[in-house]
Trainee: 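Below you will find the structure I want to go over with you.
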Amino acid sequence: MRAVGLDEPVFVRRGEGAWIEDVSGNRYVDWVMSWGSLLYGHADPETVEAVTRAARDGTSFGAPTAAEIELAAEIAAAVPSVEMVRLVSSGTEASMSTIRLARAATRRDRILKFAGCYHGHVDALLASAGSGVATLGIPSTPGVPGAVAADTIVCPFNDVDAAADAVARYGEGLACVLVEPVAGNMGVVPPEPGFLETLRALCDASGALLVFDEVITGFRIARGGAQERYDVRPDLTILGKIVGGGLPLAAFGGRAELMERLAPVGDVYQAGTLSGNPLATAAGLAVLRRLRDEAVYEQLERRGARLEAGLAPFGCVQRVGAMLTLFQSGQPVPDFEGAQRCDTDRYAALFRHLLERGVYVAPSQFEALFVSLAHGDEEIDRTVEAVRAFFEAAD
(Lines give C-alpha, C1' and ligand atoms only; values in the text may rest on other atoms or scores of the structure.)
Protein backbone atom coordinates (compact mmCIF):
# COMPACT_ATOMS: atom_id res chain seq x y z
CA MET A 1 0.00 0.00 0.00
CA ARG A 2 2.91 2.37 0.57
CA ALA A 3 3.71 2.01 -3.13
CA VAL A 4 0.36 3.67 -3.89
CA GLY A 5 0.58 6.32 -1.18
CA LEU A 6 -1.32 4.65 1.67
CA ASP A 7 -0.10 3.46 5.05
CA GLU A 8 -2.44 0.55 5.73
CA PRO A 9 -3.86 -2.32 3.66
CA VAL A 10 -7.53 -3.08 3.29
CA PHE A 11 -8.40 -5.61 5.98
CA VAL A 12 -11.03 -7.90 4.48
CA ARG A 13 -13.87 -9.28 6.59
CA ARG A 14 -15.73 -11.31 4.00
CA GLY A 15 -16.27 -11.80 0.29
CA GLU A 16 -19.11 -12.87 -1.94
CA GLY A 17 -19.02 -13.26 -5.69
CA ALA A 18 -17.13 -10.34 -7.23
CA TRP A 19 -17.22 -8.27 -4.03
CA ILE A 20 -15.24 -7.97 -0.81
CA GLU A 21 -16.16 -6.16 2.39
CA ASP A 22 -13.62 -4.63 4.77
CA VAL A 23 -13.72 -4.58 8.56
CA SER A 24 -15.41 -1.16 8.48
CA GLY A 25 -18.24 -2.40 6.28
CA ASN A 26 -17.06 -0.81 3.02
CA ARG A 27 -17.74 -2.89 -0.09
CA TYR A 28 -15.54 -3.09 -3.17
CA VAL A 29 -15.64 -4.70 -6.59
CA ASP A 30 -12.62 -6.98 -6.33
CA TRP A 31 -10.27 -7.38 -9.31
CA VAL A 32 -7.48 -8.99 -7.27
CA MET A 33 -9.45 -12.19 -6.59
CA SER A 34 -6.81 -13.66 -4.27
CA TRP A 35 -4.24 -12.79 -6.95
CA GLY A 36 -6.09 -14.78 -9.58
CA SER A 37 -7.01 -17.85 -7.55
CA LEU A 38 -10.78 -17.40 -7.53
CA LEU A 39 -12.19 -18.12 -10.97
CA TYR A 40 -15.73 -18.50 -9.57
CA GLY A 41 -15.50 -15.60 -7.15
CA HIS A 42 -15.54 -15.39 -3.38
CA ALA A 43 -17.42 -17.97 -1.29
CA ASP A 44 -18.42 -19.92 -4.38
CA PRO A 45 -21.21 -22.18 -3.09
CA GLU A 46 -20.04 -25.36 -4.83
CA THR A 47 -16.49 -24.94 -3.56
CA VAL A 48 -17.62 -24.12 -0.03
CA GLU A 49 -19.88 -27.17 0.03
CA ALA A 50 -17.10 -29.44 -1.23
CA VAL A 51 -14.67 -28.17 1.40
CA THR A 52 -17.29 -28.51 4.14
CA ARG A 53 -18.01 -32.12 3.19
CA ALA A 54 -14.30 -32.92 3.13
CA ALA A 55 -13.67 -31.28 6.51
CA ARG A 56 -16.25 -33.50 8.18
CA ASP A 57 -14.08 -36.50 7.35
CA GLY A 58 -10.81 -34.95 8.52
CA THR A 59 -8.53 -32.10 7.49
CA SER A 60 -5.16 -33.82 7.12
CA PHE A 61 -3.85 -37.37 7.28
CA GLY A 62 -0.24 -37.41 6.13
CA ALA A 63 -1.25 -40.36 3.96
CA PRO A 64 -2.64 -40.68 0.43
CA THR A 65 -6.29 -40.04 -0.36
CA ALA A 66 -8.33 -40.83 -3.45
CA ALA A 67 -8.96 -37.11 -4.03
CA GLU A 68 -5.24 -36.56 -4.67
CA ILE A 69 -5.34 -39.07 -7.50
CA GLU A 70 -8.54 -37.59 -8.88
CA LEU A 71 -7.08 -34.07 -8.88
CA ALA A 72 -3.84 -35.25 -10.50
CA ALA A 73 -5.86 -37.00 -13.19
CA GLU A 74 -7.90 -33.84 -13.78
CA ILE A 75 -4.70 -31.81 -14.22
CA ALA A 76 -3.11 -34.36 -16.54
CA ALA A 77 -6.25 -34.52 -18.67
CA ALA A 78 -6.28 -30.75 -19.11
CA VAL A 79 -2.63 -29.65 -19.42
CA PRO A 80 -1.15 -30.93 -22.70
CA SER A 81 2.43 -31.64 -21.58
CA VAL A 82 1.63 -33.17 -18.18
CA GLU A 83 1.62 -36.95 -17.76
CA MET A 84 2.39 -37.15 -14.05
CA VAL A 85 1.76 -34.70 -11.20
CA ARG A 86 3.15 -33.95 -7.74
CA LEU A 87 0.98 -31.87 -5.39
CA VAL A 88 2.47 -29.30 -3.00
CA SER A 89 1.10 -26.45 -0.90
CA SER A 90 2.43 -23.30 -2.62
CA GLY A 91 3.76 -22.02 -5.91
CA THR A 92 7.12 -21.37 -4.28
CA GLU A 93 7.37 -25.03 -3.29
CA ALA A 94 6.43 -26.06 -6.80
CA SER A 95 9.09 -23.81 -8.34
CA MET A 96 11.77 -24.94 -5.90
CA SER A 97 11.01 -28.61 -6.48
CA THR A 98 10.84 -28.22 -10.25
CA ILE A 99 14.27 -26.58 -10.37
CA ARG A 100 15.71 -29.36 -8.20
CA LEU A 101 14.20 -31.97 -10.53
CA ALA A 102 15.50 -30.22 -13.65
CA ARG A 103 19.00 -30.05 -12.20
CA ALA A 104 18.94 -33.70 -11.25
CA ALA A 105 17.58 -34.83 -14.61
CA THR A 106 20.16 -32.86 -16.62
CA ARG A 107 23.05 -33.07 -14.12
CA ARG A 108 23.54 -29.35 -14.68
CA ASP A 109 23.27 -26.34 -12.36
CA ARG A 110 22.49 -23.17 -14.30
CA ILE A 111 19.02 -21.66 -14.74
CA LEU A 112 17.95 -19.15 -17.36
CA LYS A 113 15.06 -16.90 -16.32
CA PHE A 114 13.64 -13.61 -17.55
CA ALA A 115 13.64 -10.18 -15.95
CA GLY A 116 10.34 -9.32 -14.31
CA CYS A 117 9.14 -12.91 -14.08
CA TYR A 118 8.42 -13.97 -10.51
CA HIS A 119 8.58 -17.64 -9.57
CA GLY A 120 8.06 -17.50 -5.82
CA HIS A 121 10.54 -16.55 -3.12
CA VAL A 122 13.05 -19.26 -4.00
CA ASP A 123 16.60 -18.00 -3.34
CA ALA A 124 17.95 -18.74 -6.80
CA LEU A 125 14.90 -17.29 -8.57
CA LEU A 126 14.69 -13.87 -6.91
CA ALA A 127 17.22 -12.39 -9.32
CA SER A 128 15.45 -9.59 -11.22
CA ALA A 129 12.04 -10.73 -9.99
CA GLY A 130 8.93 -8.71 -10.69
CA SER A 131 5.73 -8.61 -8.64
CA GLY A 132 6.16 -7.53 -5.00
CA VAL A 133 9.91 -7.16 -5.34
CA ALA A 134 9.42 -4.62 -8.11
CA THR A 135 6.54 -2.90 -6.34
CA LEU A 136 8.48 -2.36 -3.14
CA GLY A 137 11.60 -1.25 -4.97
CA ILE A 138 13.90 -3.50 -2.95
CA PRO A 139 16.91 -5.43 -4.24
CA SER A 140 16.03 -8.87 -5.49
CA THR A 141 18.44 -10.99 -3.51
CA PRO A 142 19.28 -9.69 -0.01
CA GLY A 143 19.85 -12.64 2.30
CA VAL A 144 20.67 -14.90 -0.63
CA PRO A 145 24.28 -16.16 -0.73
CA GLY A 146 26.11 -15.05 -3.82
CA ALA A 147 26.93 -18.62 -4.74
CA VAL A 148 23.22 -19.47 -4.89
CA ALA A 149 22.38 -16.65 -7.28
CA ALA A 150 25.55 -17.15 -9.35
CA ASP A 151 23.96 -19.94 -11.38
CA THR A 152 20.94 -17.82 -12.33
CA ILE A 153 21.15 -16.15 -15.74
CA VAL A 154 18.68 -13.36 -16.49
CA CYS A 155 17.57 -12.22 -19.95
CA PRO A 156 14.96 -9.64 -21.04
CA PHE A 157 11.51 -11.11 -21.62
CA ASN A 158 10.56 -11.41 -25.29
CA ASP A 159 14.19 -11.00 -26.40
CA VAL A 160 14.98 -14.07 -28.51
CA ASP A 161 18.47 -12.83 -29.42
CA ALA A 162 19.48 -12.42 -25.78
CA ALA A 163 18.11 -15.87 -24.95
CA ALA A 164 19.94 -17.42 -27.88
CA ASP A 165 23.19 -15.73 -26.86
CA ALA A 166 22.81 -16.94 -23.28
CA VAL A 167 22.15 -20.51 -24.39
CA ALA A 168 25.14 -20.38 -26.75
CA ARG A 169 27.34 -19.20 -23.88
CA TYR A 170 25.99 -21.32 -21.03
CA GLY A 171 24.16 -24.13 -22.81
CA GLU A 172 26.40 -26.99 -21.75
CA GLY A 173 25.75 -26.18 -18.10
CA LEU A 174 22.12 -25.10 -18.47
CA ALA A 175 19.59 -27.22 -16.57
CA CYS A 176 16.49 -25.35 -17.64
CA VAL A 177 14.92 -22.28 -19.16
CA LEU A 178 12.19 -21.03 -16.82
CA VAL A 179 9.55 -18.61 -18.05
CA GLU A 180 6.07 -17.30 -17.41
CA PRO A 181 4.64 -17.97 -20.89
CA VAL A 182 2.47 -14.92 -20.38
CA ALA A 183 4.18 -12.62 -17.92
CA GLY A 184 1.86 -11.64 -15.10
CA ASN A 185 4.23 -10.27 -12.49
CA MET A 186 5.39 -7.18 -14.36
CA GLY A 187 1.82 -6.58 -15.40
CA VAL A 188 0.39 -8.64 -18.24
CA VAL A 189 2.96 -8.95 -21.03
CA PRO A 190 2.09 -11.47 -23.75
CA PRO A 191 4.80 -13.42 -25.55
CA GLU A 192 5.67 -11.93 -28.89
CA PRO A 193 5.17 -14.22 -31.91
CA GLY A 194 7.93 -16.81 -32.02
CA PHE A 195 9.28 -16.17 -28.51
CA LEU A 196 8.01 -19.35 -26.87
CA GLU A 197 8.73 -21.40 -29.98
CA THR A 198 12.32 -20.14 -29.95
CA LEU A 199 12.75 -21.12 -26.30
CA ARG A 200 11.50 -24.60 -27.15
CA ALA A 201 13.99 -24.87 -30.00
CA LEU A 202 16.89 -23.56 -27.87
CA CYS A 203 16.16 -26.14 -25.18
CA ASP A 204 15.95 -28.93 -27.72
CA ALA A 205 19.31 -27.90 -29.16
CA SER A 206 21.11 -27.49 -25.83
CA GLY A 207 19.62 -30.35 -23.81
CA ALA A 208 18.13 -27.96 -21.26
CA LEU A 209 14.56 -28.47 -20.06
CA LEU A 210 11.87 -25.92 -20.84
CA VAL A 211 9.80 -25.04 -17.76
CA PHE A 212 6.58 -23.05 -17.96
CA ASP A 213 5.49 -21.29 -14.79
CA GLU A 214 1.73 -21.41 -15.25
CA VAL A 215 0.80 -20.53 -11.69
CA ILE A 216 -1.16 -17.56 -13.07
CA THR A 217 -2.02 -18.71 -16.60
CA GLY A 218 -2.94 -22.30 -15.77
CA PHE A 219 -6.70 -22.86 -16.10
CA ARG A 220 -7.13 -19.09 -16.60
CA ILE A 221 -6.34 -18.25 -20.22
CA ALA A 222 -7.41 -21.73 -21.35
CA ARG A 223 -8.21 -25.00 -19.61
CA GLY A 224 -4.78 -26.24 -20.67
CA GLY A 225 -3.11 -22.92 -19.88
CA ALA A 226 -0.72 -20.99 -22.08
CA GLN A 227 0.74 -24.15 -23.56
CA GLU A 228 -2.67 -24.95 -25.01
CA ARG A 229 -3.32 -21.38 -26.14
CA TYR A 230 0.08 -20.97 -27.85
CA ASP A 231 0.61 -24.63 -28.78
CA VAL A 232 4.09 -24.88 -27.26
CA ARG A 233 4.85 -27.85 -24.99
CA PRO A 234 7.27 -27.45 -22.08
CA ASP A 235 9.05 -30.35 -20.38
CA LEU A 236 7.82 -29.35 -16.92
CA THR A 237 4.95 -27.15 -15.76
CA ILE A 238 4.39 -25.28 -12.49
CA LEU A 239 0.78 -24.73 -11.42
CA GLY A 240 -0.95 -22.94 -8.55
CA LYS A 241 -3.78 -20.51 -7.72
CA ILE A 242 -6.84 -21.82 -9.64
CA VAL A 243 -5.65 -25.43 -9.33
CA GLY A 244 -6.37 -25.23 -5.58
CA GLY A 245 -9.77 -23.57 -5.91
CA GLY A 246 -8.75 -20.80 -3.51
CA LEU A 247 -7.10 -23.03 -0.90
CA PRO A 248 -3.35 -23.54 -0.40
CA LEU A 249 -2.42 -26.00 -3.13
CA ALA A 250 0.00 -26.02 -6.05
CA ALA A 251 1.44 -28.65 -8.34
CA PHE A 252 4.15 -29.40 -10.81
CA GLY A 253 4.17 -31.98 -13.53
CA GLY A 254 5.55 -33.12 -16.84
CA ARG A 255 6.68 -36.14 -18.76
CA ALA A 256 6.54 -39.37 -16.77
CA GLU A 257 10.23 -40.20 -17.22
CA LEU A 258 11.14 -36.88 -15.58
CA MET A 259 8.57 -37.01 -12.79
CA GLU A 260 9.56 -40.59 -11.89
CA ARG A 261 12.89 -39.22 -10.74
CA LEU A 262 11.05 -37.92 -7.64
CA ALA A 263 11.09 -39.92 -4.41
CA PRO A 264 9.87 -42.44 -3.48
CA VAL A 265 10.20 -43.92 -6.98
CA GLY A 266 13.37 -41.97 -7.78
CA ASP A 267 16.22 -40.32 -5.94
CA VAL A 268 15.16 -36.63 -5.99
CA TYR A 269 13.63 -35.93 -2.59
CA GLN A 270 10.48 -33.87 -2.14
CA ALA A 271 7.87 -34.00 0.61
CA GLY A 272 5.33 -31.91 2.51
CA THR A 273 3.08 -32.75 5.44
CA LEU A 274 0.06 -30.84 4.12
CA SER A 275 0.64 -31.43 0.41
CA GLY A 276 -2.57 -32.57 -1.26
CA ASN A 277 -4.60 -32.24 1.94
CA PRO A 278 -8.29 -33.17 1.71
CA LEU A 279 -9.66 -29.62 1.97
CA ALA A 280 -7.48 -28.25 -0.83
CA THR A 281 -8.03 -31.20 -3.15
CA ALA A 282 -11.78 -30.94 -2.60
CA ALA A 283 -11.72 -27.26 -3.55
CA GLY A 284 -9.52 -27.91 -6.56
CA LEU A 285 -11.77 -30.66 -7.86
CA ALA A 286 -14.88 -28.53 -7.32
CA VAL A 287 -13.42 -25.90 -9.64
CA LEU A 288 -11.48 -27.92 -12.21
CA ARG A 289 -14.31 -30.31 -13.02
CA ARG A 290 -16.51 -27.38 -14.03
CA LEU A 291 -13.81 -26.06 -16.35
CA ARG A 292 -14.38 -28.96 -18.75
CA ASP A 293 -17.23 -26.86 -20.18
CA GLU A 294 -15.86 -24.78 -23.07
CA ALA A 295 -18.53 -22.16 -22.43
CA VAL A 296 -16.58 -21.12 -19.32
CA TYR A 297 -13.75 -19.72 -21.40
CA GLU A 298 -16.13 -18.11 -23.89
CA GLN A 299 -17.70 -16.22 -20.99
CA LEU A 300 -14.32 -15.22 -19.56
CA GLU A 301 -13.18 -14.01 -22.98
CA ARG A 302 -16.30 -11.91 -23.43
CA ARG A 303 -16.00 -10.31 -20.02
CA GLY A 304 -12.29 -9.71 -20.42
CA ALA A 305 -12.87 -8.09 -23.83
CA ARG A 306 -15.60 -5.83 -22.40
CA LEU A 307 -13.32 -4.64 -19.62
CA GLU A 308 -10.44 -4.14 -22.05
CA ALA A 309 -12.58 -2.05 -24.40
CA GLY A 310 -13.80 0.11 -21.55
CA LEU A 311 -10.31 0.79 -20.20
CA ALA A 312 -8.54 1.23 -23.55
CA PRO A 313 -8.95 5.04 -23.73
CA PHE A 314 -7.08 5.49 -20.44
CA GLY A 315 -3.71 3.87 -21.07
CA CYS A 316 -2.15 0.83 -22.67
CA VAL A 317 -4.31 -2.22 -21.94
CA GLN A 318 -2.62 -5.60 -22.43
CA ARG A 319 -4.85 -8.63 -22.08
CA VAL A 320 -4.66 -12.37 -22.58
CA GLY A 321 -7.97 -14.05 -21.84
CA ALA A 322 -9.14 -13.36 -18.30
CA MET A 323 -6.10 -11.34 -17.17
CA LEU A 324 -5.18 -7.79 -18.11
CA THR A 325 -3.25 -4.73 -17.02
CA LEU A 326 -3.96 -1.05 -17.58
CA PHE A 327 -0.44 0.30 -17.98
CA GLN A 328 0.04 4.01 -17.44
CA SER A 329 2.05 4.16 -20.61
CA GLY A 330 1.52 5.60 -24.06
CA GLN A 331 3.02 2.60 -25.82
CA PRO A 332 2.95 -1.21 -25.62
CA VAL A 333 4.96 -2.85 -22.84
CA PRO A 334 7.10 -5.72 -24.21
CA ASP A 335 9.27 -6.44 -21.16
CA PHE A 336 10.19 -5.47 -17.60
CA GLU A 337 12.15 -2.42 -18.68
CA GLY A 338 9.09 -1.15 -20.51
CA ALA A 339 6.91 -1.78 -17.47
CA GLN A 340 9.31 0.17 -15.26
CA ARG A 341 8.96 3.20 -17.55
CA CYS A 342 5.25 3.46 -16.73
CA ASP A 343 3.95 6.38 -14.69
CA THR A 344 3.66 4.69 -11.30
CA ASP A 345 2.68 7.96 -9.59
CA ARG A 346 -0.36 8.28 -11.82
CA TYR A 347 -1.20 4.63 -11.20
CA ALA A 348 -1.00 5.27 -7.45
CA ALA A 349 -3.40 8.21 -7.77
CA LEU A 350 -5.75 6.07 -9.84
CA PHE A 351 -5.64 3.31 -7.23
CA ARG A 352 -6.61 5.71 -4.42
CA HIS A 353 -9.42 7.17 -6.54
CA LEU A 354 -10.84 3.73 -7.29
CA LEU A 355 -10.60 2.58 -3.70
CA GLU A 356 -12.61 5.59 -2.55
CA ARG A 357 -15.29 4.65 -5.09
CA GLY A 358 -15.55 1.02 -4.12
CA VAL A 359 -13.27 -0.60 -6.69
CA TYR A 360 -10.32 -2.67 -5.48
CA VAL A 361 -7.45 -3.28 -7.89
CA ALA A 362 -3.91 -4.43 -7.17
CA PRO A 363 -1.87 -1.80 -5.30
CA SER A 364 0.86 -2.07 -7.93
CA GLN A 365 1.32 -1.18 -11.57
CA PHE A 366 3.16 -4.49 -11.95
CA GLU A 367 0.17 -6.76 -11.40
CA ALA A 368 -2.97 -7.84 -13.24
CA LEU A 369 -6.71 -7.44 -13.02
CA PHE A 370 -8.21 -10.91 -12.80
CA VAL A 371 -11.57 -11.44 -14.45
CA SER A 372 -13.75 -14.10 -12.85
CA LEU A 373 -17.05 -15.73 -13.67
CA ALA A 374 -18.53 -13.72 -10.81
CA HIS A 375 -17.83 -10.41 -12.60
CA GLY A 376 -20.82 -9.30 -14.63
CA ASP A 377 -21.56 -6.29 -16.79
CA GLU A 378 -22.54 -4.29 -13.71
CA GLU A 379 -19.13 -4.70 -12.06
CA ILE A 380 -17.28 -4.07 -15.32
CA ASP A 381 -19.27 -0.93 -16.12
CA ARG A 382 -18.92 0.38 -12.57
CA THR A 383 -15.15 -0.03 -12.82
CA VAL A 384 -14.88 1.64 -16.22
CA GLU A 385 -16.99 4.58 -15.07
CA ALA A 386 -14.79 5.05 -12.00
CA VAL A 387 -11.66 5.03 -14.16
CA ARG A 388 -13.26 7.49 -16.60
CA ALA A 389 -14.10 9.84 -13.74
CA PHE A 390 -10.48 9.88 -12.64
CA PHE A 391 -9.14 10.85 -16.04
CA GLU A 392 -11.87 13.41 -16.69
CA ALA A 393 -11.04 15.08 -13.38
CA ALA A 394 -7.32 15.01 -14.23
CA ASP A 395 -7.98 16.69 -17.59
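Please read these numbers as outputs of a predicted model, since none were measured by experiment. Excluded from the calculations below are hydrogen atoms, water molecules and symmetry mates; all remaining heavy atoms, backbone and side chain alike, are included.
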Trainee: Using modelled atom types and a 3.5 Å cut-off, is there a donor and acceptor pairing between side-chain atoms of Y297 and backbone atoms of F219?
Mentor: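 Yes, because the side chain of Y297 sits within donor-acceptor range (under 3.5 Å) of the backbone of F219.
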
Trainee: Between the main-chain N or O of A250 and the side-chain N or O of E93, is there a donor-acceptor pair closer than 3.5 Å?
Mentor: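 Not at all, since once roles are kept as given, no pair shorter than 3.5 Å links the two residues.
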
Trainee: Return yes if a side-chain donor-acceptor contact under 3.5 Å exists between E379 and W19, otherwise no.
Mentor: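 On atom types as modelled, these side chains qualify, holding a pair under 3.5 Å.
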
Trainee: Spell out, as yes or no, whether a donor-acceptor pair under 3.5 Å connects the side chain of R108 to the backbone of L174.
Mentor: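 Between the backbone of L174 and the side chain of R108 there is a qualifying donor-acceptor contact (under 3.5 Å).
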
Trainee: May I ask you to check whether over 12 heavy atoms, not counting those of F61, lie within 6.0 Å of atom CZ?
Mentor: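 Yes.
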
Trainee: According to a 4.5 Å side-chain heavy-atom criterion applied to Ile, Leu, Val, Met, Phe, Trp and Tyr, with indirect links allowed, do L262 and V122 form part of one hydrophobic cluster?
Mentor: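 Linked within one cluster.
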
Trainee: Does a side-chain heavy-atom distance below 4.5 Å link V371 with E301?
Mentor: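 Heavy-atom side-chain distance check fails, nothing below 4.5 Å.
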
Trainee: Does the pair D231/R233 count as a salt bridge with the N-to-O cut at 4.0 Å?
Mentor: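 So D231 pairs with R233 through a salt bridge.
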
Trainee: Please examine the side chains of L178 and T98, heavy atoms only from C-beta on, and report whether any two atoms are closer than 4.5 Å.
Mentor: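 Side chain of T98 against side chain of L178, heavy atoms only: no contact under 4.5 Å found.
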
Trainee: Can you tell me how the ring of F391 sits relative to the ring of F314, calling it parallel under 30°, perpendicular over 60° and tilted otherwise?
Mentor: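 The rings of F391 and F314 lie parallel, inter-plane angle below 30°.
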
Trainee: Mind checking whether M323 and V333 sit in one hydrophobic cluster, side chains of I, L, V, M, F, W, Y counted as touching below 4.5 Å?
Mentor: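 The answer is yes; both residues are in one hydrophobic cluster.
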
Trainee: For R100 and Q270, does a side-chain donor sit closer than 3.5 Å to a side-chain acceptor?
Mentor: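 The answer is no; no qualifying pair exists.
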
Trainee: Would one find more than 12 heavy atoms of other residues, nucleotides or ligands at under 6.0 Å from atom CZ of R2?
Mentor: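 Not buried by this count: 12 neighbours or fewer within 6.0 Å.
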
Trainee: Got a donor-acceptor contact below 3.5 angstrom from the E308 side chain to the R319 backbone?
Mentor: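 No; zero donor-acceptor contacts below 3.5 Å.
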
Trainee: For L279, what are the other residues in its hydrophobic cluster, where any two members join if their side-chain heavy atoms are less than 4.5 angstrom apart?
Mentor: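 When side chains under 4.5 Å apart are linked, the cluster holding L279 also contains V51, L247.
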
Trainee: Are any side-chain N or O atoms of R303 and backbone N or O atoms of L373, one a donor and one an acceptor, separated by less than 3.5 Å?
Mentor: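 Yes, the answer is positive, given that a donor and an acceptor are paired below the 3.5 Å cut-off.
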
Trainee: Scan the side chains in residues 70-79 for donor-acceptor partners under 3.5 Å anywhere in the protein, sequence neighbours excluded, and list what turns up.
Mentor:
from	atom 1	to	atom 2	distance (Å)
E70	OE1	R289	NH2	3.0
E74	OE1	R292	NH2	2.7
E74	OE2	R223	NH2	3.4
E74	OE2	R292	NE	2.8
E74	OE2	R292	NH2	3.3

Trainee: Taking atom NE2 of H121 as the centre, report whether more than 12 heavy atoms of other residues, nucleotides or ligands fall under 6.0 Å from it.
Mentor: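 No, because the 6.0 Å sphere around NE2 of H121 holds 12 heavy atoms or fewer from other groups.
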
Trainee: Has the side chain of R255 got a donor or acceptor atom that lies under 3.5 Å from a matching backbone atom of E83?
Mentor: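 Checking the backbone N and O of E83 against the side chain of R255, no donor-acceptor pair under 3.5 Å is found.
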
Trainee: Over 60° means perpendicular and under 30° means parallel, so classify the ring planes of F114 and F157, tilted if in between.
Mentor: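 The arrangement is perpendicular - the two ring planes meet at more than 60°.
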
Trainee: Looking only at atom types and distance, does a side-chain atom of S364 sit under 3.5 Å from a main-chain N or O of F366, one as donor and one as acceptor?
Mentor: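 It does hold such a pair.
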
Trainee: Between the side chains of R388 and E385, is the shortest nitrogen-to-carboxylate-oxygen separation below 4.0 Å, so that they form an ion pair?
Mentor: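 Yes.
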
Trainee: Donor-acceptor pair, R220 side chain versus A322 backbone, under 3.5 Å?
Mentor: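 Flag set: sc R220 to bb A322 pair under 3.5 Å.
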
Trainee: Quick one, L311 with L324, criterion side chain to side chain contact (heavy atoms under 4.5 Å, CB included). Give me CA distance, side-chain angles, the key distance, then yes/no.
Mentor: CA-CA 10 Å; L311 297 179; L324 72 156; 4.2 Å; yes

Trainee: Under a plain distance cut-off of 3.5 Å, with no hydrogens placed, do E49 and T52 share a side-chain donor-acceptor pair?
Mentor: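 No - no donor-acceptor pair under 3.5 Å links their side chains.
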
Trainee: Dump the intermediate steps for side chain to side chain contact (heavy atoms under 4.5 Å, CB included) on T217 and E180, then the final yes or no.
Mentor: CA-CA 8 Å; T217 56; E180 290 182 271; over 6 Å; no

Trainee: Could you check whether K113 pairs with D213 (Lys NZ or Arg NE/NH1/NH2 to Asp/Glu carboxylate O, under 4.0 Å)?
Mentor: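 A salt bridge is absent here (no side-chain N lies under 4.0 Å from a carboxylate O).
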
Trainee: Run the numbers on F252 and V215 for side chain to side chain contact (heavy atoms under 4.5 Å, CB included), then give the verdict.
Mentor: CA-CA 10 Å; F252 62 104; V215 166; over 6 Å; no

Trainee: Any donor and acceptor pair, going by atom type alone, linking the side chain of S372 with main-chain N or O of A374 inside 3.5 Å?
Mentor: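 Yes, because the side chain of S372 sits within donor-acceptor range (under 3.5 Å) of the backbone of A374.
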
Trainee: A quick test of your reading: do over 12 heavy atoms of other residues, nucleotides or ligands sit less than 6.0 Å from CD of E337?
Mentor: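 No - once you tally the heavy atoms of other residues, nucleotides and ligands closer than 6.0 Å, there are 12 at most.
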
Trainee: For residues 159-172, please give each side-chain donor-acceptor pair under 3.5 Å, one per line with the distance, not counting sequence neighbours.
Mentor:
from	atom 1	to	atom 2	distance (Å)
D159	OD1	D161	N	3.2
D159	OD1	A162	N	2.9

